[in-house]
Amino acid sequence: CTRLGHADARAEAAVPLRANWRRVPGGYAASAHRQLGGDAVLFRRVLARLLAERADWAALAPDGPRQWSESQATAWRARAHRLRGSAGMVGALALARAATALETALDAHATDEAAHALEALRQAFAELHTAAAGLDDSAAQAPAAPAAPLDEGRWRSLLQTLAAQLDANDLGASETFDALRPALAQRVGDATARAVAAAIDNLDFGAAREHLEPAMGEAEDQTAP
């Protein structure tokens, strides 16, 4: 089953979510809200990145798994594994299940099952794309108020918090970074701020931590006697 049952749908609708949280029709909003800590900005980033993958999957031949070489099957198995995680994070469980089925079938070299799983995956992607296109983003995309300047103590505190969150692969890093970004761009340059933002968007917290090093060095220089 790729859609919520009536009981599940009623339970989902009853879950209190933040005002700017988007419910994807046919998805588990409560699951996504919990996994992403109620961070609507991160939700939109993960969903946008997920939907950007759809074209690659749609371009595959329906019987592709029956024709793939071993290296091709290994590559698409790895992509199915990553897709499963991203889909689960935004509550797109039909897509997550299809990706899991494809990964499992490819692991077992079961090409017929893999072809069926690929078709289910493509269908789930199409349904998610249609559902996401109909979402109302007005609340989530409302312009944010200008950030207040950070004093030195607040700057260092947020920077240390962000570094610790990145080291711990903590999804809360996205919210901390949003508060820190204007000061980060001012102190170490917009290019560094963009690089950190891109890495966090891709959930590559290790790379984000590396890009943050110039700021960490600048903060240490400011505190040196």
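The line from OG1 of T192 to CZ of R187 is 14.0 Å long, rounded to the nearest 0.5 Å. With rounding to the nearest 0.5 angstrom, the CZ atom of R209 is 11.5 Å from the CD1 atom of I200. W155 contributes atom CH2, which lies 10.5 Å from atom CD of Q160 (distance to the nearest 0.5 angstrom). Taking NE2 of H116 as the reference point, atom CG of L102 lies at 12.5 Å (rounded to 0.5 Å). Note that the CZ atom of R97 and the CG atom of L93 stand 5.5 Å from one another [nearest 0.5 Å]. In this structure, CG on L106 lies 8.5 Å from OG1 on T74, to the nearest 0.5 angstrom.
Listed for the Q72 side chain is a donor-acceptor partner under 3.5 Å among the backbone atoms of S69. For R79 (side chain) and W57 (main-chain N/O), no donor-acceptor pair under 3.5 Å exists by modelled atom type. The main-chain N or O of G153 is never found under 3.5 Å from a side-chain atom of S157 such that the two would form a donor-acceptor pair.
Q123 and E119 share no side-chain donor-acceptor pair at under 3.5 Å.
In this structure, A208 and A199 approach most closely via the heavy-atom pair N-CB, 3.5 Å. The two residues A61 and L118 come nearest to each other via the heavy atoms O-CD2, 3.7 Å. In terms of heavy atoms, A87 sits closest to A96 at CB-N, 3.7 Å. R122 and L60 make their closest contact through NH1-O, 2.5 Å (heavy atoms, listed as atom of the first residue, atom of the second, distance). Residues A80 and A99 approach most closely at O-CB, 3.5 Å, considering heavy atoms. The heavy-atom pair separating A197 from F177 by the smallest distance is CB-CE2, 3.5 Å.
Under a 4.0 Å N-O distance rule, the pair E113/R66 does not qualify as a salt bridge. With salt bridges taken as basic N to acidic carboxylate O contacts below 4.0 Å, one links R156 and E152. The pair R82-E53 does not count as a salt bridge, with every side-chain nitrogen at least 4.0 angstrom from each carboxylate oxygen.
At least one side-chain heavy atom of L50 sits less than 4.5 Å from a side-chain heavy atom of L83. Counting heavy atoms from C-beta outward, L95 and V90 have side chains that stay 4.5 Å or more apart. The shortest side-chain heavy-atom distance between L184 and L212 falls under the 4.5 Å cut-off.
Residue Q186 places its CD atom among 12 or fewer non-hydrogen atoms of other residues, nucleotides or ligands, all under 6.0 Å distant.
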Criterion side chain to side chain contact (heavy atoms under 4.5 Å, CB included) on L162 and Q165, from CA distance to verdict: CA-CA 5 Å; L162 178 59; Q165 288 172 324; 4.3 Å; yes
